[in-house]
Amino acid sequence: MKESFTNALLEWNQNGNTRAMPWKGEKDPYRIWLSEIILQQTRVEQGWAYYEKFILNYPTVQSLAAAPEEAVFRLWQGLGYYARCKNMLAAARQIVTQYHGHFPNTYDTIQSLKGIGPYTAAAIASFAFNLPHAVLDGNVFRVLSRYFDIDTPIDSTAGKKQFAELAQELLPHGQSAAYNQSIMDFGAVICKPQQPSCTTCPLSSGCKALKLGLAGLLPVKTKKLVIKKRYFHYLVLRYKKLIYIRKRTENDIWQNLHEFILIETPEPVDTASLQASAGFREIFGDIRYNIDGTSADFKQQLTHQTIHSRFILMTAAQKPEIQGYMAIPEQDMDNYAFPKTITDFLKKGKLSLF
DNA sequence: AAAACGGGGAC
DNA sequence: GTCCCAGTTTT
């Protein structure tokens, strides 16, 4: 059964798999690594253009390692999970200084790099060096859970162990690169999360879930998601052609991205109440300002929180000092990375101030 | 073991 | 709204 699974999969890859992507078949470990970091928890279509941009701007690990952090973040802007960007740059510098620019070529040394876990290490080890390590990503969990009818929750420790062992057993000798690519393509193109193509699936004859009518119920996940609401009030303060921003450094969303002067409240409040609040007075003290307008509500849905943001446009008569914020020329905004909700405001605010 | 971490597309 | 995507790190 295991052998027929692998054989059928490789057969489909040879004769039925037409999926094309810029990094497919790539042998340069740097490019493979770059694609894998970009694609962590990210759909191929979403990451595609970012991969092209990074290859164009940073064609080698040396060029990436030498890049200023802010420039790399600016290129990553909009892709999400920004710790990946920070870790990617750290790993590039690690490769240059510690490995003299040669990408590590064993599973363990690859995984020791920042931002590389079991999945990414297996992907690089197999694609670049054809080492015998089976990848275990969302596609693999789904395909194996269905084909072998396994209902162990994939977000449990036991599930991860069970699927990892099975995946490794299925790996054909000497063909880890082709096999890993095949199973992920198969999961993305045929054995999809919703409406899998079971009627035309080349592996349908051996699929236990299909036989039992359970394909729609697998894989099993247990964790429940709690979404909390947050209300951000961004004070877009300007003095002449200067504008006040800071880098987010707290243990929170959007770490290392920039933002305007922020007051967060647990509930929505109007501008007048905000001005009267202790948080506002603490920031502004006796600074004299004018309020030029307030934006509409910008809503951003993240995985585990809903952010409501409003932008309050302000100008100061004298140059203010705002604790923790820096005044930068407006035209330098392009050099900094901002969260999506702020780039949306800058683009669609229709306030004609920028 | 559980929580945190973005943004987007499909339904 | 819900699910989930070529997952990893922190708590």
Side-chain angles (χ1 to χ4, degrees), chain A residues 19 21-24 26 32-51 73 76-88 90-91 110-127 133-143 153-161 163-164 167 177 180-189 191-196 216-228 230 248 250-257 299-307 337-344:
Chain A
R19 194 183 196 203
M21 296 169 293
W23 48 83
K24 192 162 164 176
E26 180 63 60
I32 294 166
W33 165 66
L34 193 54
S35 71
E36 295 300 343
I37 300 300
I38 287 172
L39 293 171
Q40 286 170 1
Q41 287 294 281
T42 303
R43 286 168 302 103
V44 162
E45 311 83 71
Q46 190 186 356
W48 191 303
Y50 283 85
Y51 174 80
F73 267 94
W76 194 276
Q77 175 179 281
L79 192 55
Y81 282 171
Y82 296 94
R84 288 184 292 171
C85 183
K86 180 98 172 171
N87 289 332
M88 179 180 72
I110 293 168
Q111 196 182 342
S112 75
L113 295 169
K114 292 266 192 194
I116 297 186
Y119 163 76
T120 305
I124 297 171
S126 63
F127 293 145
H133 295 275
V135 292
L136 186 53
D137 75 332
N139 291 302
V140 179
F141 276 120
R142 187 169 58 253
V143 171
I154 63 172
D155 53 0
S156 67
T157 304
K160 284 178 188 127
K161 186 169 184 290
F163 281 96
N180 280 338
Q181 186 63 58
S182 304
I183 193 166
M184 289 194 286
D185 284 347
F186 181 78
V189 175
C191 198
K192 299 169 288 186
Q194 286 117 11
Q195 300 176 342
L217 302 176
L218 295 170
V220 173
K221 275 193 185 179
T222 57
K223 295 204 172 77
K224 64 284 171 207
L225 194 60
V226 184
I227 299 179
K228 77 169 178 180
R230 303 174 69 177
R248 289 177 65 88
E250 302 302 306
N251 259 356
D252 197 357
I253 55 168
W254 302 332
Q255 196 173 123
N256 293 298
L257 271 60
K299 189 172 92 164
Q300 186 170 14
Q301 187 61 56
L302 309 184
T303 302
H304 48 285
Q305 45 187 293
T306 306
I307 312 274
F338 296 91
K340 165 87 158 79
T341 200
I342 290 181
T343 56
D344 275 355

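Order of the sequence lines fixes the chain letters, A, B, ..., with proteins taken first and strands second; residue numbering starts at 1 for each chain.
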* Just how far, in rounded Å, is C1' of dA6(C) from CD1 of Ile183(A)? -> 12 Å

* Structure fact -> In whole angstroms, the gap separating P of dT2(C) from CG of Leu302(A) amounts to 15 Å

* Asked: Which residue lies toward the 5' end of DNA chain B, Lys223(A) or Thr341(A), if each is placed at its nearest nucleotide?
  -> Lys223(A)

* Just checking Ile116(A): base, sugar-phosphate only, or nothing, at a heavy-atom cut-off of under 4.0 Å? -> sugar-phosphate

* Want to settle it: does Gln195(A) or Ala83(A) sit nearer the 5' end of DNA chain B, counting the closest nucleotide to each? -> Ala83(A)

* Please give, in whole Å, the distance from dT10(C) C1' to Tyr82(A) OH? -> 20 Å

* Just checking Trp23(A): base, sugar-phosphate only, or nothing, at a heavy-atom cut-off of under 4.0 Å? -> base

* Asked: Touch check for Gln305(A), heavy atoms < 4.0 angstrom, all strands: base, sugar-phosphate only, or nothing?
  -> sugar-phosphate

* Inter-nucleotide P distance (dG6(B), dT11(C)), Å rounded -> 14 Å

* To do: Return no unless some side-chain N or O of Thr120(A) is found under 4.0 Å from OP1 or OP2 of dT8(C).
  => yes

* Asked: Is the phosphate of dG8(B), meaning OP1 or OP2, less than 4.0 Å from a side-chain N or O of Lys340(A)?
  -> yes

* Asked: Among side-chain atoms of Tyr119(A) and Glu36(A), is any donor-acceptor pair under 3.5 angstrom?
  -> yes

* How many Å lie between NZ on Lys114(A) and P on dC5(B), as a whole number? -> 18 Å

* **Protein-nucleotide distance (Tyr50(A), atom OH; dG7(B), atom C1'), rounded to Å** => 9 Å

* Of the non-hydrogen atoms in Arg142(A) and Asn139(A), which two are nearest, and what is the gap between them? -> NH2-OD1, 2.8 Å

* Asked: Roughly how far, to the nearest 0.5 Å, is the CE atom of Met21(A) from the CH2 atom of Trp48(A)?
  -> 7.5 Å

* **Below 4.0 Å: OP1/OP2 of dG7(B) and any side-chain N or O of Gln300(A)** => yes

* Considering only heavy atoms and no angle criterion, is a donor-acceptor pair shorter than 3.5 Å present between the side chain of Thr42(A) and the base of dG7(B)? -> no

* Short side-chain N/O contact from His304(A) to OP1 or OP2 of dA3(B), under 4.0 Å -> no

* Looking across every strand, which nucleic acid part, if any, lies under 4.0 Å from Gly187(A) by heavy atom: base, sugar-phosphate, or nothing? -> nothing

* Residue whose nearest DNA chain C nucleotide is more 5′ - Gln194(A) or Ser35(A) -> Gln194(A)

* Does Gln40(A) place a side-chain N or O at less than 4.0 Å from the phosphate oxygens OP1/OP2 of dG7(C)? -> no

* Give the rounded distance in Å between these two atoms: NZ of Lys86(A) and P of dT10(C). => 12 Å

* With rounding to whole Å, what would you report as the distance between dA6(C) and dA3(B) at their P atoms? -> 25 Å

* To do: Would you mind classifying the nucleic acid contact of Asn180(A) as base, sugar-phosphate or nothing, using non-hydrogen atoms under 4.0 angstrom?
  => nothing

* Asked: At under 4.0 Å between heavy atoms, what does Arg19(A) touch on the DNA or RNA strands: base, sugar-phosphate, or nothing?
  -> base

* **Any Gln41(A) side-chain nitrogen or oxygen under 4.0 Å from OP1 or OP2 of dC5(B)** => no

* Closest non-hydrogen atom pair, Leu136(A) against Val140(A) -> CD1-CG1, 3.7 Å

* To do: Kindly say if Arg84(A) contacts the phosphate of dT9(C), meaning a side-chain N or O under 4.0 Å from OP1 or OP2.
  => no

* **Short side-chain N/O contact to dA4(B) OP1/OP2 from Tyr81(A), under 4.0 Å** => no

* To do: Record whether the side chain of Gln46(A) comes under 3.5 Å of the base of dG8(B) through a donor-acceptor pair of N or O atoms.
  => no

* **Euclidean distance, atom CE of residue Met88(A) to atom P of dG7(C) [Å, nearest integer]** => 17 Å

* Given the P atoms of dT8(C) and dG9(B), what is the spacing between them in whole Å? -> 24 Å

* Any donor-acceptor pair under 3.5 Å linking the side chain of Arg84(A) with the backbone of Gln40(A)? -> yes

* Lys192(A), NZ: over 12 other non-hydrogen atoms inside 6.0 angstrom -> yes

* Asked: Does Asn87(A) make a side-chain N or O approach to OP1 or OP2 of dG7(C) shorter than 4.0 Å?
  -> no

* Reckon Trp76(A) has a side-chain N or O less than 4.0 Å from the OP1 or OP2 of dG6(B)? -> no

* **Minimal non-hydrogen separation, Phe73(A) against Ala337(A), with atom names** => O-CB, 3.6 Å

* Asked: Using the ring of each side chain (for Trp, its six-membered ring), is Phe141(A) parallel, tilted or perpendicular to Phe163(A), with breaks at 30° and 60°?
  -> perpendicular

* To do: Looking at every strand, decide which applies to Asp252(A) at a 4.0 Å heavy-atom threshold: base, sugar-phosphate, or nothing.
  => sugar-phosphate

* So what does Met21(A) touch, heavy atoms closer than 4.0 Å: a base, only the sugar-phosphate, or nothing? -> base

* Gln111(A) CD to dG7(C) C1': how many Å, rounded? -> 11 Å

